Every structure is written in C-alpha cells, then in structure tokens.
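These numbers were taken from a predicted model, which means no experiment stands behind them. Both ligands and their constituent atoms are indexed starting at 1 by order of listing. Reckoned from all heavy atoms, side chains included, excluding hydrogens, waters and symmetry mates.
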Amino acid sequence: MRQTQLFTKTRREAPSDEVAKNAQLLVRAGFVHKEIAGVYSYLPLGLRTLNKIVQIIREEMNAIGGQELVMTALQDKDLWSRTDRWDDAKVDNWFKTTFKSGGETGLGITHEEPLTRIMTDHISSYRDLPVYAYQFQNKFRNELRAKSGIMRGKEFMMKDLYSFSKDETEHAVFYAEAREAYKKVFERAGIGSRTYVTFASGGIFSEFSEEFQTVSDAGEDTIYIDEEKGIAINKEVYNDETINKLGLSKESLIEKKAIEAGNIFNLGTRFSDVLGLTYTDETGTKKPVVMGSYGIGPTRLMGIIVEALGDDKGLVWPIQVAPFTYHLVSLGHNGDEVSKAADALYDELTRKGVEVLYDDRDLRAGEKFAESDLLGMPYRIVVGRDGVATDQFEVVNRSTGDVVKKSRAEILAL
Ligand code: ATP
Ligand code: MG
C-alpha cells in the first residue's frame with residue numbers, strides 16, 4: 001500500500017484524554033479512532049492487525065475441531081431470564097433498550113444462552129456429540145473503568161468458543177486441547193513468553209478456571225508466578241490451600257501486575273440443565289450435555305501487544321500481526337532517480353506477495369523515519385541516493401534497532 005493513498009494521518013502528540021499507553025500510541029499512529037470513552041473504531045492499519053490476530057485464533061480453533069458461526073448482538077430477554085442473568089441486580093453491565101413493537105432487548109455480553117438454545121435444535125443423541133462452536137463478535141458491556149484503552153472496551157471483539165460434551169471425561173479431553181491451542185495463539189501473537197496459565201476462581205463446576213494472564217504494568221490483575229513451572233495463581237484464589245494443592249511453594253512465587261488475555265471455563269451442566277439441552281446415550285437414557293466456554297479478546301490482545309512491545313518511539317509489531325512486514329521508505333523527490341528505484345522495488349515486492357507499506361510521499365527524511373518508528377512495521381527498507389548508487393540498502397529492525405545492508409536482489413530474496 002502506498003502512503004499517498006492511505007487516508008489516515010499520524011499525530012505527534014497523544015490525545016490528552018488517553019491515559020493508557022496502548023490507546024495513546026494507537027491513536028497517534030492512526031490505527032484506531034476513539035468514538036467515546038471505551039469505544040474505538042479500527043482504521044485501515046489497525047484493522048489489518050486485528051484481522052491477523054483473528055486469523056491466528058481462527059486457525060488454532062479450527063485445528064481443535066472448532067466450527068465457526070456468528071450469533072446476533074440483540075438478545076432475547078426471556079431466554080436470559082430463564083438462566084437468571086437478565087436482571088440488573090444479577091448482571092450489572094447490560095446495555096438494554098426497547099423494541100418499538102414493545103418489549104425489552106439487550107446487546108450481548110456473552111453467548112452461552114443463545115448458543116445452548118441453538119444446540120437444542122441440533123443435539124439429541126450421543127452421536128451428535130461432542131461439538132465445538134465458536135464465533136468472533138463484538139460484545140457490549142457497560143464497563144465502569146475506561147482507563148485501559150482498547151484493553152477494556154464497552155464494545156469489544158471476543159472470540160468465544162463453547163464445547164458440548166457427553167460427560168466430564170469427554171469434556172476434560174477437549175479442555176486440555178483448548179489450553180494447548182491457547183498457548184499456541186499467544187506464542188504466535190508474540191506474547192507467549194510473558195503469558196502464564198493462571199489458576200483463578202472457577203465457579204460451581206470446577207475448583208479453578210484457567211486464565212491466560214500477560215504480565216504488564218498496565219494490568220488490572222495481580223498474579224503470583226512460578227517462573228520455573230510457568231504457571232501462576234490469581235490473587236483472588238491466592239492462599240496456602242491453593243498453593244499446596246498446585247504443588248507450589250510461597251517462596252518461589254513472584255507477585256506481578258497482569259492483564260487477562262483469555263480464559264477457559266468448565267460450565268458443567270449449568271446452562272444445559274436450565275435450557276433443556278439433553279441427549280440420549282447408548283442405553284437410551286436422557287442426560288444433560290456438559291459444557292465449557294473459552295474466551296479470548298482479539299481487540300484486548302492487540303492492546304496487550306502494544307503495551308508489552310511498544311517503546312518510546314512508538315508501536316513495535318511482531319511479524320505475525322504487523323499490518324505490513326516491510327516499511328519501504330523512499331527518500332526520493334518528484335519522480336527523481338531515487339523515487340523511480342523505490343517505485344520499482346515496491347512493485348517487485350508486491351508482485352511477489354510481500355506485504356509492504358510504501359512511503360512514497362515527498363517529505364523530509366527525519367519526518368519519515370520518526371513516523372516509520374511510530375507505525376512500527378518489523379523492518380524498514382530505506383531507499384536513498386547512496387543506496388541506489390551502490391546497490392546497498394539499509395534494512396532496519398524496528399524491535400532491535402539493528403541495521404544491515406542488502407542489495408536489491410537480496411531484498412527480493414528475503
Ligand atoms: P475481565 O476480568 O478482564 O473483565 P472477564 O472475566 O470479564 O475479563 P470474559 O467475560 O471471560 O472476561 O471474556 C473473555 C475474554 O474477553 C477476556 O479474557 C478478555 O480477553 C476479553 N474481554 C473481556 N472484557 C473485555 C473488555 N471490556 N474489553 C476488551 N476485551 C475484553
Ligand atoms: Mg469483565
């Protein structure tokens with residue numbers, strides 16, 4: 001993509017009302033636009049990153065048998081009343097409104113209820129199980145805190161997967177697979193080394209739920225990490241009993257601030273009992289389906305990556321989620337020799353299918369480099385007069401600052 005064609009502009013200063021590093025950098029770089037507190041639009045560069053995160057998650061969910069669907073944002077009050085999750089006294093973060101034709105509705109905060117009901121049309125026998133279904137969808141939650149930028153939105157994207165199994169044994173097999181799939185997601189998104197499986201409060205059907213917590217000063221949670229074992233305990237269940245049960249010792253646990261990137265939950269039969277999701281087993285006996293839920297916030301994940309890797313110059317994207325792999329910066333002017341060489345290199349790279357953002361604008365070099373640092377593509381290729389003359393172009397690694405010189409042929413072979 002040519003920057004002369006890109007409508008978004010960057011800003012030198014962070015907007016004064018943004019306190020979170022992720023929002024400050026993403027707004028400055030023109031990746032997102034803040035509509036109202038905690039509500040963000042995703043502009044072309046931001047959307048490219050978000051789509052890459054979504055695709056990584058999609059591939060890992062498909063690899064463990066997930067089937068993708070998409071449910072509605074508008075919710076059925078009667079359905080949620082049956083599970084006792086409609087009343088504001090029980091769930092305090094609904095956005096509710098009314099139909100002109102009468103009656104109330106709300107914007108989906110999560111989707112256990114609608115999917116369980118959908119499954120009553122499709123699951124009736126043990127032959128229909130297990131089933132794993134997931135979606136990417138914007139959720140709406142009237143969150144009180146809006147200090148974390150895109151990490152805590154009132155409207156945000158969630159990947160929510162739900163598993164439907166015959167019994168706890170079958171459930172446990174998938175639950176373990178989901179845990180491994182989640183590890184792969186965070187690894188591929190570039191935050192694997194600072195993300196820990198964290199034991200947290202579980203609800204009614206299992207002693208613990210497991211959260212994937214990424215260490216970050218901007219985090220709202222406190223966790224206690226055992227570095228060697230690579231696991232952690234959330235403060236909410238941090239006590240001697242839990243520490244013993246998990247075979248850990250207090251001395252080796254380090255307290256850190258962290259942010260939840262995802263979680264996996266055993267729901268047992270909480271929803272299937274109430275909403276009548278049953279199946280007939282091999283002996284003809286009717287049984288409730290055993291469920292699990294597995295969430296990741298792709299928009300939050302984007303914010304976490306910015307918090308973890310961004311530096312004083314701007315965004316720093318890991319290759320797998322960068323909007324473009326290369327930022328080709330031309331130092332040419334008005335169609336001179338340098339501009340022509342940069343144009344040709346851009347055309348050849350794009351023809352090869354390489355993702356390149358091409359700064360073909362007529363601006364000062366210093367301005368272009370500062371903006372390139374802010375946008376944070378993994379590698380910057382600089383095409384200047386010397387480079388064209390000697391066929392040696394600077395390739396700058398955004399993350400390490402390392403500079404290597406490569407010829408045109410070497411760049412095309414990258
Ligand atoms: P938190 O404790 O941080 O509010 P949660 O327990 O409410 O999270 P879930 O309801 O399980 O989270 O949602 C699943 C995933 O969706 C979370 O792990 C997180 O990645 C993401 N998520 C939850 N709330 C938000 C939000 N307000 N903005 C962005 N992402 C969110
Ligand atoms: Mg929450």
Side-chain angles (χ1 to χ4, degrees), residues 20 22-23 26 32 34-42 46 50 53-54 56-57 60-61 73 80 85 90-95 107-113 115 134-163 175 178-179 181-183 185-186 189 191 195-203 206 208-216 218-223 232 234-237 257-267 270-271 291-308:
N22 71 84
L26 290 165
V32 305
K34 179 177 173 175
E35 298 296 338
I36 42 181
V39 182
Y40 294 87
S41 293
Y42 288 75
L50 183 58
I53 293 171
V54 164
I56 288 172
I57 300 172
E60 296 304 336
M61 294 304 105
W80 289 81
R85 293 215 288 178
K90 293 280 163 51
V91 178
D92 65 359
N93 59 3
W94 278 102
F95 284 106
L107 298 173
I109 50 172
T110 176
H111 279 79
E112 283 83 1
E113 279 81 347
L115 187 58
Y134 73 97
Q135 62 172 352
F136 291 94
Q137 206 207 29
N138 278 8
K139 306 286 191 233
F140 300 84
R141 293 184 183 177
N142 204 340
E143 301 270 9
L144 194 55
R145 293 166 292 177
K147 289 205 181 83
S148 299
I150 65 166
M151 296 199 300
R152 184 171 297 286
K154 297 190 179 86
E155 174 176 353
F156 62 95
M157 190 188 279
M158 194 195 287
K159 182 285 299 177
D160 40 335
L161 184 146
Y162 304 90
S163 66
Y175 185 89
R179 183 195 294 117
Y182 269 42
K183 287 183 188 163
V185 166
F186 301 123
I191 53 162
T195 303
Y196 295 86
V197 172
T198 303
F199 293 86
S201 59
S206 59
F208 301 112
S209 71
E210 287 168 54
E211 297 173 339
F212 290 76
Q213 292 272 2
T214 309
V215 171
S216 166
E220 292 171 2
D221 290 345
T222 301
I223 63 170
N234 192 310
K235 190 173 190 169
E236 64 188 18
V237 296
K257 285 263 161 237
I259 173 100
E260 181 192 309
N263 61 26
I264 57 179
F265 252 96
N266 180 353
L267 299 174
R270 152 124 171 67
F271 295 94
M291 292 173 52
S293 75
Y294 313 79
I296 297 182
T299 45
R300 178 178 287 185
L301 191 45
M302 182 166 159
I304 292 175
I305 295 167
V306 174
E307 292 284 341

Q: Show which atoms of ligand 1 fall inside a sub-4.0 Å distance from at least one heavy-atom site of A261.
A: 18 (O), 20 (O)
Q: Take R152 and E220 through the salt bridge (charged side-chain N to carboxylate O under 4.0 Å, His left out) test and state the conclusion after the steps.
A: CA-CA 10 Å; R152 184 171 297 286; E220 292 171 2; 2.8 Å; yes
Q: Looking only at atom types and distance, does a side-chain atom of S209 sit under 3.5 Å from a main-chain N or O of S201, one as donor and one as acceptor?
A: yes
Q: Below the 3.5 angstrom mark, is there an N/O of G297, backbone or side chain, next to an N/O of ligand 1?
A: yes
Q: Can you list the atoms of ligand 1 that are under 4.0 Å from a heavy atom of E143?
A: 24 (N), 26 (C), 27 (N)
Q: Is it true that, when you exclude K34 itself, more than 12 heavy atoms of the residues, nucleotides or ligands shown sit nearer than 6.0 Å to its NZ?
A: yes
Q: Given 3.5 Å as the limit, does a donor-acceptor pair link the side chain of T195 with the main chain of F186, or not?
A: no
Q: Distance only, no hydrogens: is a donor on one side chain within 3.5 Å (strictly under) of an acceptor on the other, for D221 and Q213?
A: yes
Q: Would I150 count as a polar contact of ligand 1, with the cut-off being nitrogen or oxygen pairs under 3.5 Å?
A: no
Q: Identify the protein heavy atom lying closest to atom 12 (O) of ligand 1, giving its residue, its atom name and the separation to 0.1 Å.
A: E260 OE2, 3.6 Å
Q: Does T110 have a heavy atom less than 4.0 Å from any atom of ligand 1?
A: no
Q: Find all atoms of ligand 1 within a distance of less than 4.0 Å from any non-hydrogen atom belonging to G153, and give their numbers and elements.
A: 26 (C), 27 (N), 28 (N), 29 (C)
Q: With heavy atoms of G262 as the reference, note each atom of ligand 1 found under 4.0 Å away.
A: 18 (O)
Q: If you measure every N or O of T299 against every N or O of ligand 1, does any of those distances drop under 3.5 Å?
A: no
Q: How far is atom 3 (O) of ligand 1 from the closest protein heavy atom, and which atom is that?
A: R300 NH1, 2.9 Å
Q: Of R141, K139, K154, M151, which has the heavy atom at the shortest distance from atom 10 (O) of ligand 1?
A: R141
Q: I need the nearest protein heavy-atom contact for atom 4 (O) of ligand 1: residue, atom name and distance, please.
A: R152 NH1, 3.0 Å
Q: Quick one: look up the protein heavy atom nearest atom 11 (O) of ligand 1 and list residue, atom name and how far away it is.
A: N263 ND2, 2.6 Å
Q: CG/L161 to CG/L115 distance, rounded to the nearest 0.5 angstrom?
A: 9.0 Å
Q: Taking R85 first and then E112, would you say they form a salt bridge - that is, a charged N and a carboxylate O separated by under 4.0 Å?
A: yes
Q: Can you give me the closest heavy-atom contact between K154 and E143, atom names plus distance?
A: CE-O, 3.4 Å
Q: Looking only at non-hydrogen atoms, which of Y40, F265, F156 approaches atom 30 (N) of ligand 1 most closely?
A: F156
Q: Please confirm whether the ring centroid of F212 lies under 6.0 Å from the ring centroid of Y196.
A: no
Q: Applying side chain to side chain contact (heavy atoms under 4.5 Å, CB included), run through E60 and Y182 and close with a yes or a no.
A: CA-CA 8 Å; E60 296 304 336; Y182 269 42; over 6 Å; no
Q: If you have a sec, work out which protein heavy atom is nearest atom 14 (C) of ligand 1 and how many Å separate them, to one decimal?
A: M158 CE, 3.7 Å
